[in-house]
There are 2 protein chains.
Amino acid sequence: MALSHAILVSLLDRPQSGYDLAKRFDQTVGYFWKARHQQIYLELHKLAKLGWVHSETVPQRARPNRIVYAITPHGQRALDEWLRLPTEPPNIKEELLIKLFALKPANLPLLLEETRRRLCAHRQRLAQYQQLMQQHYAQPAQLSLRRRGHYLGLRMGILIEQATLQWCEEALQLLMPADPSQSA
Amino acid sequence: MALSHAILVSLLDRPQSGYDLAKRFDQTVGYFWKARHQQIYLELHKLAKLGWVHSETVPQRARPNRIVYAITPHGQRALDEWLRLPTEPPNIKEELLIKLFALKPANLPLLLEETRRRLCAHRQRLAQYQQLMQQHYAQPAQLSLRRRGHYLGLRMGILIEQATLQWCEEALQLLMPADPSQSA
DNA sequence: GGCTCCATGTAAGTTGTTACATGATTCA
DNA sequence: TGAATCATGTAACAACTTACATGGAGCC
């Protein structure tokens with residue numbers, strides 16, 4: 001049920017088409033919530049049936065028409081009710097951890113390599129997030145309330161990436177065969 | 001496809017029934033991968049059909065029979081192939097962040113309260129993880145390779161909880177209305 | 001008498017993924 | 001000439017959740 005609510009929240013900013021939403025989910029929101037365009041279109045149909053959004057077709061020349069959705073007062077109320085529900089801590093679903101549970105000498109090199117690869121990937125992501133942070137949220141205390149919410153999303157992304165990076169480094173330390181030429 | 005692999009990995013330790021697996025997924029493994037018993041039974045049936053596990057019925061007096069599953073050589077090979085596939089960084093799916101995207105004065109108190117609640121929940125989890133760590137993994141460098149894998153799972157849990165805790169504290173700081181009687 | 005544990009499952013529904021489909025426009 | 005962008009969708013499948021079902025054993 002949460003993707004539909006994520007869509008509603010995104011529509012609070014401004015009316016958008018499914019295409020717009022999909023692009024946005026690929027960027028900012030997508031750091032912590034992924035959705036493909038197919039799923040978004042399906043949810044929009046459902047939301048329209050529920051009367052939580054209302055759609056308007058915008059004709060275009062030489063392009064498929066855009067169908068732009070806006071949140072309705074009914075949708076607003078539904079959203080407010082949802083906000084009142086308690087949240088569950090998310091679970092991590094980290095495949096690499098499962099793989100490490102199968103650790104044995106034969107696949108140690110493989111898993112070390114994969115951990116190194118992930119380390120690089122997370123470094124890149126972190127750098128990207130930090131750049132966004134500098135560009136858009138340099139002084140969080142001076143932001144509007146709405147934008148503080150956005151800031152906190154990005155901030156969570158940074159903290160999680162940092163934690164993951166540290167984990168990767170520790171894992172490599174722990175699993176790397178000690179090299180005698182390096183010690184002492 | 002990852003739950004079936006998580007089950008295979010768990011069966012590496014020893015043959016287990018669906019019931020055993022469900023209990024284990026509620027404990028150690030469950031810190032980063034949840035599964036209900038229904039899902040586990042379904043996956044076991046699938047795995048049996050694929051020939052990746054083989055089952056043996058253990059009759060019991062005055063109790064339902066246990067069906068104990070063990071990994072087969074074929075399952076071993078499938079697992080080794082899966083280990084070779086690259087892993088994706090998991091995505092967070094944190095509902096609270098979506099809710100904060102809908103931040104406005106009217107629901108600020110609500111979201112502050114929820115953040116406080118989550119702060120407590122994560123503190124408790126962290127304490128629990130740290131206790132397990134002390135009990136079972138006091139000296140990680142001296143563990144067997146297999147147990148180092150388990151250690152790293154728990155370690156990830158701790159790092160994520162710490163990051164989340166810090167985030168909660170920062171969020172409260174940022175969103176709490178400044179109380180004039182506290183400043184200066 | 002009611003609760004939890006043991007132990008397995010079916011059925012229905014929701015959510016999300018992958019594959020497939022269309023078709024003009026713009027850029028290299 | 002080929003790829004990417006714009007823009008919407010259907011169909012099949014995989015993964016996961018929720019509800020329901022059974023029934024004895026042991027505990028308080």
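Below, read A as the first sequence line, B as the second, and so on, with proteins coming before strands; counting in each chain starts at 1.
If you measure from atom CG of B:L42 to atom C1' of C:dT8, you get 12 Å, rounded to the nearest angstrom. One interatomic measurement links the two molecules: NZ of A:K93 to C1' of C:dT15, which rounds to 12 Å at whole-angstrom precision. What separates CH2 of A:W33 from C1' of C:dG16 is a distance of 11 Å, to the nearest Å. Distance A:K23 NZ to D:dA4 P: 16 Å, rounded to the nearest Å. Between B:Y41 atom OH and C:dT10 atom C1' the separation is 13 Å, expressed in whole Å. Following rounding to the nearest Å, B:Q16 (CD) and C:dC6 (C1') show an atom-to-atom distance of 16 Å. Between A:N65 atom CG and C:dT22 atom P there is a gap of 19 Å when expressed in whole angstrom units. As a whole-Å value, the separation of A:H37 NE2 from D:dA7 P is 13 Å.
Place A:H45 and B:P64 on DNA chain D by their nearest nucleotides, and A:H45 ends up nearer the 5' end.
Within 4.0 Å of A:I67, counting heavy atoms only, lie sugar-phosphate atoms of the nucleic acid but no base atom. Residue-level contact check: A:L3 touches the backbone only, with heavy atoms under 4.0 Å from sugar-phosphate atoms and none from bases. Counting non-hydrogen atoms under 4.0 angstrom, A:R36 reaches a base of the nucleic acid. B:Q60 comes within contact range of the sugar-phosphate backbone alone, with a heavy-atom separation under 4.0 Å but no base atom that close.
With no hydrogens or angles considered, a side-chain donor-acceptor pair links B:R24 and B:S10 at under 3.5 Å. Between the side chains of A:Q134 and A:Q130, no donor N or O sits under 3.5 Å from an acceptor N or O.
Ring centroid separation for the pair A:H150 and B:F101 comes in under the 6.0 Å cut-off.
Closest to the B:Y19 side chain, of the nucleotides D:dA7, D:dC6, C:dC5, is C:dC5. Side chain of B:K46, nearest nucleotide from C:dG9, C:dT18, D:dA15: D:dA15. Across D:dT10, C:dC6, C:dT15, the shortest atom-to-atom separation from the side chain of B:R63 is found for C:dC6.
Proximity of a side-chain donor or acceptor of A:K99 to a complementary backbone N or O of B:L85 within less than 3.5 Å is detected.
Under the 30°/60° scheme for interplanar angles, the aromatic rings of A:H5 and A:W52 are found to be tilted.
A close approach under 4.0 Å does occur between a side-chain nitrogen or oxygen of A:Q39 and OP1 or OP2 of C:dG16.
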